[in-house]
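The structure appears right after this line, and notes come after that.
Whatever order the structure lists ligands and atoms in, that order sets their numbers, starting from 1.
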Amino acid sequence: MKNGFGPILPGAEHILHGADYNPEQFLYHPEVLSEDIRLMKLAGCNIMSVGIFAWAALEPREYEYHFEWLDEVLDRLAENGIGVLLATPSAARPVWMTQKYPDVARTDERGRRQRHGGRQNHCSSSVTYRKKVTEINTLLAKRYGHHPAVRGWHVSNEYVGEGCYCEKCQSAFREWLKQKYHGDIHELNEAWWTYFWSHTYQSFDEIEAPSPLGEMQLHGLNLDWKRFISHMQLDFYLMECEPLRRLTPNLPVTTNFHDFVHLDGGVNYWEWAPHVDFISWDNYPYWHTDTHSNWEEAVERAFIHDINRSLKNGKPFALLESSPSATNWQPVAKLRRPGMLNLGSVQAIAHGADTVQYFQWRKSLGGSEKFHGAVVDHYGGQRTRVFQEVQQMGEELSKLDSIIGVTESSKVAIIYDWENAWAMNDAEGPRQKGLDYFETCIAHYQPFWTLGIQVDVINMEHKLEGYDLVIAPMLYMLPENVARRMARYVENGGYLVTTYWSGIVDENDRCRTCGRPNGLRQVLGIWSEEIDALYDSDVVDVEGYKARTFCDLIHLDGAESLLSYSSEFYAGRPALTRNHYGKGYAFYIAFRSYDSFLQDFYTRLAQELKLPRAINAGLPIGVTAQKRGDILFVQNYDGESKQIQLDQPYYDRLTGQLYQGWLPLKPYSYQILES
Ligand code: GAL
């Protein structure tokens, strides 16, 4: 089934193609602008994100504004039919500001106020910084809100969850806690279980943010601090948006979300989703590494794309940054092999992006990112491999108008929840070596990628109705209301799969009584008594499959056992169970496995539930397929040629060629097909 949304930028007739454009670096080289525009047109670019870090060029001294260069850039882009996502510059402030108003800088967890430098390091509660940002955003909105080039707002850059520990932020934290716990310190003590090690608070005024100089092991405090930081960042973002929304109500507003793999430093983007008009994110895959294969990397990227599509219930999103070549911050700047750049871009489109944008348009001549990939190299021209691949992408994207605003709805959802990750990773057990929540969710996702079945990736608050299958790996934190909604979902005919280390704590990271998995014992028909954490070299046999890392020792309480452990002192005890509950089924996977178990298990469930596949064909290792609107995207992430047997004739959308029988796929390539 299709979801129909409008274009993410009103009036956009084509998939957007462009880059971060930082022309303030070349103001002393005025010839560059004309050449940039010539090259942008050659590469089929129709959108540029402008001004992201340009505050020092806009306001080199306090209240001395220089907009003339930006006027010219925007005028020239508009004359040439190139739209602009205009940025607010708050991610990097001018030197004078930090020196004149030191309170704009962040204080670290040891209480040290930072000096000027770097970026994205302001104090979110600084009254001065909020005032300065409001001033510049207001000026930008007034001056450019109706400029013909400007199509939307790019607010700041990659808000992440780094907190400030200054006294102002700490007292805001106390206020936030007071609200949350209804001004009742006993309620907080109960929630955080502060009674151990004499950590009990007598008043909210005694509370300090977690710090290596003080408290680090009160998990409820750590979790609330993370939530508070996320809240403060969102509050700052909303403050930034206020003049934009007021003065330019017709311009859509977005902010580029960070790559989610940095979970622990993260903000909870689910709370942000309602406040952006469309989701945008920055995708920096680790292609060609020596640690894992490209197709495994593709699975992980697909998962994150699917989070971004799910954040606004299927609405297309923006791939707002990606490197057109190597990055300079990954351990090795290995070049993208021919084909890989465009394959990665097409992957985003297949999963629901309506843009392909790069960081950055032209390589810096100095500074921290002078060796980061860019569309235009230091050499400056169009004869580079990278430029030509970008140019090819531009041509291909111009043929995909039919899918603008269209995505497919999914029958499967995997729950991957940031708060659950924060709590679990902080919990000091049952394996200090790492619990690998993210990797576990990816392992449950991979079988669907391999089958070409689209999956939504949702948080635990998301509605479950409408999915045939919901998978909740390691849902350690399981608030009562979530467990109740899951029970209702199964009762009404849904299929639920959950695993070991689920239903352990409540929303405050406080353990619950009554037996695990708390809140789901009836639905699952089991009781988990204890969990065996294994060393990396340990293997437990499960009727031919291999269990590693975790083996949950469960008792049947109504469920049937589908597989049992066949070694260790728990041989004979259930390892995989199914329970008929209401009109649905609930499965419990008691062990972690790295072999074919998950693929076999989910392939059977997919057949039983008749889950829709993008194409009814066997997909060899490294190959996957996505359907979007009238297009089928088949992708090969392997360095070897592959072929798949087509289930019907297809035409190549780009060349018109007819394919019947076998479809050839070169290394790192894709086919964009229609029937
Ligand atoms: C992003 C950031 C960009 C650029 C890029 C380099 O995280 O938003 O400004 O630094 O990384 O990969």
Side-chain angles (χ1 to χ4, degrees), residues 18-26 47-58 84-94 117-122 152-162 233 236-237 240 254-267 269 272 276 279-289 297 300-301 304-305 307-308 317-336 340-341 344-345 348 353 355-378 386 390:
D20 275 20
Y21 186 40
N22 302 308
E24 66 276 10
Q25 298 175 90
F26 294 94
I47 193 81
M48 289 287 147
S49 302
V50 178
I52 300 172
F53 304 113
W55 204 337
L58 293 170
V84 165
L85 280 174
L86 188 59
T88 65
S90 64
R93 57 189 180 274
R119 59 174 175 173
Q120 289 154 212
N121 51 16
H122 57 264
W153 290 106
H154 177 305
V155 177
S156 201
N157 195 65
E158 289 187 344
Y159 283 98
V160 289
E162 281 160 16
Q233 298 282 50
F236 193 91
Y237 163 82
E240 280 222 48
T254 193
T255 181
N256 50 335
F257 290 170
H258 200 267
D259 207 311
F260 300 102
V261 265
H262 304 276
L263 295 171
D264 244 10
V267 288
Y269 287 134
W272 292 56
V276 294
I279 302 289
S280 304
W281 85 284
D282 299 345
N283 179 26
Y284 288 96
Y286 286 73
W287 299 129
H288 313 301
T289 71
E297 180 65 19
E300 187 175 308
R301 296 292 132 184
I304 309 176
H305 282 308
I307 297 178
N308 283 288
F317 56 91
L319 172 64
L320 211 54
E321 284 183 28
S322 59
S323 175
S325 176
T327 68
N328 67 336
W329 50 263
Q330 288 176 357
V332 175
K334 192 157 179 170
L335 295 180
R336 301 275 151 91
M340 193 43 115
L341 167 62
S345 301
T355 71
V356 170
Q357 286 164 263
Y358 312 100
F359 175 88
Q360 57 178 328
W361 171 256
R362 181 180 279 271
K363 252 184 206 176
S364 309
L365 298 184
S368 76
E369 293 184 320
K370 62 179 178 294
F371 296 126
H372 191 286
V375 178
V376 179
D377 186 50
H378 293 143
V386 168
V390 168

To the nearest 0.5 Å, tell me how far [X] [atom1] sits from [Y] [atom2].
{"X": "Leu320", "Y": "Leu85", "atom1": "CG", "atom2": "CG", "value": "6.5 Å"}
{"X": "Asn308", "Y": "Trp281", "atom1": "CG", "atom2": "CH2", "value": "6.0 Å"}
{"X": "Phe53", "Y": "Gln360", "atom1": "CZ", "atom2": "CD", "value": "9.0 Å"}
{"X": "His154", "Y": "Glu321", "atom1": "NE2", "atom2": "CD", "value": "6.0 Å"}

Holding to salt bridge (charged side-chain N to carboxylate O under 4.0 Å, His left out), I want the full list of residues that pass it with Asp377, two or more places apart in sequence or in another chain.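 Per chain and number, Asp377 pairs via salt bridge (charged side-chain N to carboxylate O under 4.0 Å, His left out) with Lys363.
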Any idea which heavy atoms bring Val386 and Val375 closest together, and the distance?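 Smallest interatomic distance, heavy atoms only, reads CG1-O, 4.2 Å.
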Under 4.0 Å from ligand 1 - residues by heavy atom, chain and number: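 Ligand 1 is contacted, at a heavy-atom distance under 4.0 Å, by Phe53, Arg119, Asn157, Glu158, Asp282, Tyr284, Glu321, Trp329, Phe359, Glu369, His372.
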